[in-house]
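Input: a single structure, listed below in structure tokens.
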Number of protein chains: 2
Amino acid sequence: MEHKALSLSDFDLRPTPCRMEVLGLLQSHDYALSQGDIEHQLSSQFDRVTVYRTLKSFLSQGLIHKVLDDIGGIKYALCKELCHQGGHAHQHDHVHFKCDQCGQTTCLELVHIPSISLPENFTKKESNLLIQGVCNLCNQV
Amino acid sequence: MEHKALSLSDFDLRPTPCRMEVLGLLQSHDYALSQGDIEHQLSSQFDRVTVYRTLKSFLSQGLIHKVLDDIGGIKYALCKELCHQGGHAHQHDHVHFKCDQCGQTTCLELVHIPSISLPENFTKKESNLLIQGVCNLCNQV
DNA sequence: CTTGGTGCAAAGGGTTTGCAACTTA
DNA sequence: TAAGTTGCAAACCCTTTGCACCAAG
């Protein structure tokens with residue numbers, strides 16, 4: 001995992017203790033974390049609400065993106081430079097993979113969602129592809 | 001929408017009033033419904049819990065399948081014959097489309113999820129593709 | 001009679017909101 | 001000082017569970 005120095009102030013976010021810790025957590029994992037994961041893994045105890053608000057502000061500033069976990073579930077992952085490339089605001093056309101065994105949800109940054117030809121008159125704005133199965137690590141056992 | 005006579009007893013489900021109404025609702029819509037949609041659209045008032053249990057039994061009998069709504073959201077739609085084809089239990093490799101304008105989530109039965117080549121040692125069991133945008137009806141305006 | 005379905009109440013989990021206190025630019 | 005951030009409490013979903021009652025095979 002690349003640990004390039006992401007700075008909160010670059011995203012118009014005050015570098016508060018909670019934000020720095022949450023950012024650190026997200027940077028130190030190469031898979032997506034749920035709100036609960038984050039809340040429990042923080043070394044300092046921050047209020048649950050603060051974590052929610054932290055994630056919300058990260059989202060609105062484009063620092064992280066939502067990741068489909070299972071059907072119905074949500075996790076969060078850092079946006080890579082790829083997300084910020086291109087003219088349009090944000091690109092998240094990569095595939096998300098959830099491992100049924102270890103439960104980890106990873107962004108397959110290099111696997112892109114193929115373009116789908118939709119029926120007549122349907123226009124696409126965004127797409128999310130979640131693949132469930134067994135990940136590389138669990139398959140090695 | 002095809003109204004072919006789906007029989008609850010074919011799915012080992014007793015044809016109770018609640019189940020018949022819920023099935024009727026699902027049959028009369030060509031888009032997926034959430035638990036709340038169903039609860040509110042039932043002509044007779046059934047307990048919320050009963051609707052939940054009805055959906056759960058429909059799911060376990062393979063009469064309906066879960067549909068990704070937004071990220072984090074769940075709706076339900078009838079399984080078509082396509083689902084029951086093939087050797088394996090169930091196939092839901094079609095694309096789901098959520099319209100940002102009318103809010104309807106439809107099963108694009110004919111649009112299949114393309115096979116994705118995963119990185120080394122990843123094995124796929126299931127996949128879900130949700131496309132958000134504007135549907136054919138809303139685009140005609 | 002025995003199984004399964006329903007309703008009601010309650011509990012549980014996740015998320016949001018209001019407000020007062022605090023921090024910091 | 002003014003704006004942004006936090007903690008606490010409470011409110012809101014949405015969903016599940018326990019239990020007693022009812023209905024149907």
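What you see below is based on every heavy atom in this structure, not just the backbone, and it leaves out hydrogens, waters and symmetry mates. Numbered from 1 within each chain, the chains take letters A, B, ... in sequence-line order.
- Per the geometry, CD belonging to A:Q61 stands 12 Å off P belonging to D:dG4, to the nearest Å.
- A side-chain donor from one of B:T123 and A:N139 sits under 3.5 Å from a side-chain acceptor of the other.
- A donor-acceptor pair is defined here as one N or O able to donate and one able to accept, closer than 3.5 Å; no such pair exists between the side chain of A:Q35 and the backbone of A:V51.
- Regarding B:I74, its CD1 atom lies at a distance of 10 Å from the C1' atom of D:dT15, rounded to whole Å.
- The only member of A:T106, A:I131, A:L130, A:N128 that meets side-chain contact (heavy atoms from CB on, under 4.5 Å) when paired with A:V95 is A:I131.
- Under 3.5 Å, the side chains of B:D70 and B:Q132 contain a donor-acceptor pair of N or O atoms.
- A distance-only check finds a donor-acceptor pair linking the side chain of B:R19 to the backbone of B:R14 [under 3.5 Å].
- The backbone N or O of A:F11 lies less than 3.5 Å from a partner atom in the side chain of A:Q61, making a donor-acceptor pair.
- Within residues 44-52 of chain A, the residues having any heavy atom under 4.0 Å from DNA chain C are, by residue number, A:R48, A:V49, A:Y52.
- In this structure, B:E39 atom CD and C:dC8 atom P are separated by 12 Å, rounded to whole Å.
- B:F97 pairs by the ring pair (Phe, Tyr, Trp, His ring centres under 6.0 Å) definition with A:F122, not counting sequence neighbours.
- Here B:T16 reaches the OP1 or OP2 of C:dT6: one of its side-chain N or O atoms lies under 4.0 Å away.
- Residue B:M20 contributes atom CE, which lies 10 Å from atom P of D:dA24 at whole-angstrom precision.
- When each of B:P15 and B:K56 is assigned the nucleotide of DNA chain D bearing its nearest heavy atom, the one mapping closer to the 5' terminus is B:K56.
- In this structure, A:D12 atom CG and D:dT5 atom C1' are separated by 16 Å, rounded to whole Å.
- Distance A:D70 CG to C:dG14 P: 14 Å, rounded to the nearest Å.
- Between A:R53 and D:dT6 there is no side-chain polar atom (N or O) within less than 4.0 angstrom of OP1 or OP2.
- Rounded to a whole Å, the CZ atom of A:R19 is 11 Å from the P atom of D:dG4.
- Rounded to a whole Å, the CG atom of B:L13 is 12 Å from the P atom of C:dG4.
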